[in-house]
Amino acid sequence: MKKTISNLFSMTLILLISYSCTANKETIDQSFYYSFASENNRLKGDMFLSEEFNYNLQNLTYDYYLNYLSDNLKGDDINILKLVKNADKQYFESDSLTFRIALFYSNDKILLFDNADTPLIDKVDTLKTIDKIPLIKDYFQKYKMQKK
């Protein structure tokens, strides 16, 4: 009986430890894409309606975006901020109604684009090879032209 309880306790402990290790994982995957895009959509609405921006996001900068993201994330969502900051390159632009962000991760060879108008990621490109870090602004502009 003692051995059964001991084994049960050990298995429970192992499960809890492995869950806590995976709950805070910091990887670029489908879960990150969804969380990142939906958080951007929520932040866009919050900032757009705020007194500071007063229905005009044209003056929104990447640094302000990072600070606002940092101040408004809770719990496990903090991994979003870490992953955004860990991007090797980023491009950010805003207009009066919304903002758009592109992030490049060289280890994963991933280039992603998000327009904060929707809670879904707009585009994810996995590059076959990277001889040098691409000009992210050029990719961003090319993607915007394809959407028209």
Side-chain angles (χ1 to χ4, degrees), residues 9-148:
F9 177 75
S10 296
M11 289 177 58
T12 304
L13 187 60
I14 289 170
L15 286 173
L16 287 173
I17 290 171
S18 46
Y19 173 75
S20 66
C21 291
T22 58
N24 291 321
K25 71 180 189 172
E26 296 173 15
T27 56
I28 309 301
D29 58 12
Q30 291 290 336
S31 177
F32 169 69
Y33 302 152
Y34 175 76
S35 298
F36 174 65
S38 63
E39 193 61 31
N40 282 341
N41 183 249
R42 185 185 70 78
L43 292 178
K44 176 212 147 192
D46 290 351
M47 288 186 283
F48 186 76
L49 297 173
S50 71
E51 287 182 22
E52 183 166 349
F53 288 100
N54 197 26
Y55 305 100
N56 186 346
L57 297 176
Q58 192 147 4
N59 294 323
L60 178 61
T61 64
Y62 181 69
D63 289 333
Y64 188 93
Y65 162 79
L66 285 179
N67 288 331
Y68 199 88
L69 186 64
S70 175
D71 292 343
N72 289 281
L73 288 175
K74 297 172 181 75
D76 288 341
D77 288 340
I78 199 71
N79 288 334
I80 296 169
L81 178 64
K82 290 177 186 174
L83 288 169
V84 169
K85 285 183 173 182
N86 285 341
D88 296 296
K89 287 277 192 174
Q90 63 279 331
Y91 180 75
F92 185 89
E93 69 178 28
S94 63
D95 59 37
S96 60
L97 298 175
T98 193
F99 66 87
R100 290 163 292 281
I101 185 169
L103 301 172
F104 175 69
Y105 299 90
S106 59
N107 286 343
D108 298 301
K109 299 178 187 166
I110 292 176
L111 188 58
L112 60 94
F113 305 91
D114 184 49
N115 183 331
D117 280 339
T118 68
L120 301 173
I121 199 81
D122 290 279
K123 179 127 173 103
V124 177
D125 278 339
T126 303
L127 307 177
K128 292 181 178 120
T129 61
I130 47 171
D131 299 324
K132 61 180 182 174
I133 294 177
L135 293 174
I136 198 166
K137 183 176 180 180
D138 293 345
Y139 266 75
F140 191 77
Q141 298 303 332
K142 181 180 173 184
Y143 172 69
K144 280 178 33 180
M145 294 305 290
Q146 290 173 351
K147 292 284 284 186
K148 289 184 177 180

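Count residues from 1 along the sequence.
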Review point. Applying the side chain to side chain contact (heavy atoms under 4.5 Å, CB included) test to Leu103, which of Val84, Asn86, Asp88, Leu111 qualifies?
Key: Val84

**Study point:** CG-OG distance between Leu120 and Ser38, expressed to the nearest 0.5 angstrom
**Key:** 8.5 Å

Practice item. Supply the atom-to-atom distance Phe36 CZ to Ser31 OG, rounded to the nearest 0.5 angstrom. Key: 13.5 Å

Going by heavy atoms in the side chains, are [X] and [Y] under 4.5 Å from each other?
{"X": "Ile28", "Y": "Tyr33", "answer": "yes"}
{"X": "Leu49", "Y": "Tyr55", "answer": "yes"}
{"X": "Phe104", "Y": "Leu127", "answer": "yes"}
{"X": "Phe92", "Y": "Thr61", "answer": "no"}
{"X": "Phe113", "Y": "Asp125", "answer": "yes"}

Practice item. Look only at the side chain of Thr126 and the backbone of Ile110, and say whether a donor-acceptor pair between them is shorter than 3.5 Å. Key: no

Check your understanding: Are the side chain of Tyr105 and the backbone of Leu83 linked by a donor-acceptor contact shorter than 3.5 Å?
Key -> yes

Check your understanding: Between Tyr68 and Asp46, does a side-chain contact (heavy atoms from CB on, under 4.5 Å) hold up when you go through it step by step?
Key -> CA-CA 10 Å; Tyr68 199 88; Asp46 290 351; 3.4 Å; yes

Quick check: closest heavy atoms across [X] and [Y], and the distance to 0.1 Å?
{"X": "Ala37", "Y": "Pro119", "answer": "CB-O, 3.6 Å"}
{"X": "Arg42", "Y": "Asn72", "answer": "NH2-O, 3.2 Å"}
{"X": "Leu66", "Y": "Leu81", "answer": "O-CD1, 3.9 Å"}
{"X": "Lys128", "Y": "Lys109", "answer": "O-NZ, 3.5 Å"}
{"X": "Asp117", "Y": "Lys44", "answer": "OD1-NZ, 3.0 Å"}

Check your understanding: Counting only heavy atoms not in Asp71, do more than 12 sit closer than 6.0 Å to its CG atom?
Key -> yes

Review point. Could you go step by step and tell me if Phe32 and Asn79 meet the side-chain contact (heavy atoms from CB on, under 4.5 Å) rule?
Key: CA-CA 9 Å; Phe32 169 69; Asn79 288 334; over 6 Å; no

Review point. For Tyr62 and Ile101, what are the C-alpha separation, side-chain angles and deciding distance, and is it a side-chain contact (heavy atoms from CB on, under 4.5 Å)?
Key: CA-CA 9 Å; Tyr62 181 69; Ile101 185 169; 3.8 Å; yes

Practice item. Give a yes or no on whether the ring-centroid distance for Phe53 and Tyr64 is below 6.0 angstrom. Key: yes

Check your understanding: Of Asp122, Asp95, Asp114, which is the lone residue that meets salt bridge (Lys or Arg N to Asp or Glu O under 4.0 Å) with Arg100?
Key -> Asp95

